[in-house]
Amino acid sequence: MGFIAWRKIVRNEQAFSQIYRAVEGDLPEDEDDLGGVIAFAGEHEFETARFRLEAGEYRLRYWFPEHVMVKVELFTAAGDDHEIIALKKGEGETAFTVEAAGRYFCSIEPAEDGEWEIEISKLGLPSGYRPSY
């Protein structure tokens with residue numbers, strides 16, 4: 001049973017590594033949009049790099065400690081407008097809306113130190129996707 005749990009952890013780490021985009025500084029200004037999924041992880045309070053979001057619906061997936069409340073706020077790049085997009089503990093997902101395209105960053109604030117991860121992805125069909133019937 002221990003081996004099965006260990007394999008699941010390894011698979012989860014491999015999957016996370018495939019979609020995680022390490023960020024040094026802000027993401028490029030000319031990046032059209034998220035281009036898939038962006039992920040951040042940490043153990044303490046954290047402010048992400050600035051990244052571009054288009055207007056629309058997004059999904060925030062989170063993995064927080066079961067007993068620790070964590071607040072995730074989305075700020076405009078200038079920091080003058082913000083919205084709490086999650087105040088949660090444990091594991092789950094929530095949707096949020098971006099009203100205007102632009103550069104944004106997140107502030108992640110756990111009530112106490114503990115490992116956390118978040119992923120942000122755009123909801124909806126990829127542009128240009130045409131279902132075939």
Side-chain angles (χ1 to χ4, degrees):
M1 187 59 138
F3 178 75
I4 294 171
W6 175 79
R7 271 309 292 155
K8 180 173 179 0
I9 291 170
V10 169
R11 276 194 314 273
N12 288 347
E13 287 175 358
Q14 289 170 342
F16 181 75
S17 295
Q18 290 173 352
I19 60 175
Y20 178 74
R21 293 168 35 189
V23 177
E24 291 181 13
D26 295 342
L27 296 179
E29 187 69 41
D30 62 350
E31 185 170 299
D32 291 337
D33 59 30
L34 226 40
V37 175
I38 189 166
F40 298 100
E43 296 181 19
H44 314 286
E45 285 187 20
F46 183 76
E47 184 177 295
T48 69
R50 272 70 175 164
F51 48 87
R52 182 165 178 75
L53 294 178
E54 295 301 320
E57 295 289 319
Y58 288 84
R59 174 177 63 187
L60 172 73
R61 295 181 67 201
Y62 55 87
W63 295 268
F64 300 150
E66 288 294 326
H67 64 283
V68 177
M69 188 67 71
V70 180
K71 177 173 72 171
V72 180
E73 280 186 276
L74 181 68
F75 288 83
T76 58
D80 54 357
D81 192 19
H82 63 93
E83 170 187 1
I84 296 174
I85 57 175
L87 187 55
K88 307 280 185 179
K89 53 183 160 181
E91 181 178 325
E93 61 183 58
T94 187
F96 66 96
T97 302
V98 172
E99 297 295 329
R103 310 261 315 150
Y104 293 86
F105 69 93
C106 287
S107 171
I108 297 93
E109 298 177 23
E112 60 186 63
D113 290 348
E115 291 185 9
W116 55 263
E117 294 178 26
I118 64 168
E119 293 177 357
I120 298 173
S121 59
K122 188 155 184 165
L123 292 175
L125 298 175
S127 67
Y129 177 77
R130 303 284 184 257
S132 58
Y133 297 103

Within the 4.5 Å heavy-atom criterion, are [X] and [Y] side-chain neighbours or not?
X     : Y      : value
Thr76 : Tyr104 : yes
Leu60 : Ile118 : yes
Val68 : Trp116 : no
Glu45 : Pro110 : yes
Ile38 : Thr48  : no

Going through the checks in order, is the side chain to side chain contact (heavy atoms under 4.5 Å, CB included) test met by Leu53 and Tyr58?
-> CA-CA 9 Å; Leu53 294 178; Tyr58 288 84; 3.6 Å; yes

Using the ring of each side chain (for Trp, its six-membered ring), is Phe40 parallel, tilted or perpendicular to Phe46, with breaks at 30° and 60°?
-> tilted

May I have the step-by-step check of side chain to side chain contact (heavy atoms under 4.5 Å, CB included) for Ile108 and Val70, ending in yes or no?
-> CA-CA 7 Å; Ile108 297 93; Val70 180; 3.7 Å; yes

Rounded to the nearest 0.5 Å, what's the gap from CZ on Arg103 to CZ on Arg50? Could you check?
-> 9.0 Å

Atom CD of Glu115: over 12 foreign heavy atoms under 6.0 Å = no

Has the side chain of Lys71 got a donor or acceptor atom that lies under 3.5 Å from a matching backbone atom of Ala111?
-> no

Cluster question for you: counting only ILVMFWY and a side-chain heavy-atom cut-off of under 4.5 Å, with indirect links fine, are Val98 and Phe51 together?
-> yes

For Glu66 and Glu91, work out which heavy atoms get closest and say how close.
-> OE2-N, 4.2 Å

Tyr62 and Gly90: which non-hydrogen atoms are nearest, and at how many Å?
-> CD1-O, 3.5 Å

So Val72 and Phe96, side chain to side chain contact (heavy atoms under 4.5 Å, CB included) or not? Walk me through it.
-> CA-CA 11 Å; Val72 180; Phe96 66 96; over 6 Å; no

State whether a side-chain donor-acceptor pair under 3.5 Å links Ser107 with Glu109.
-> yes

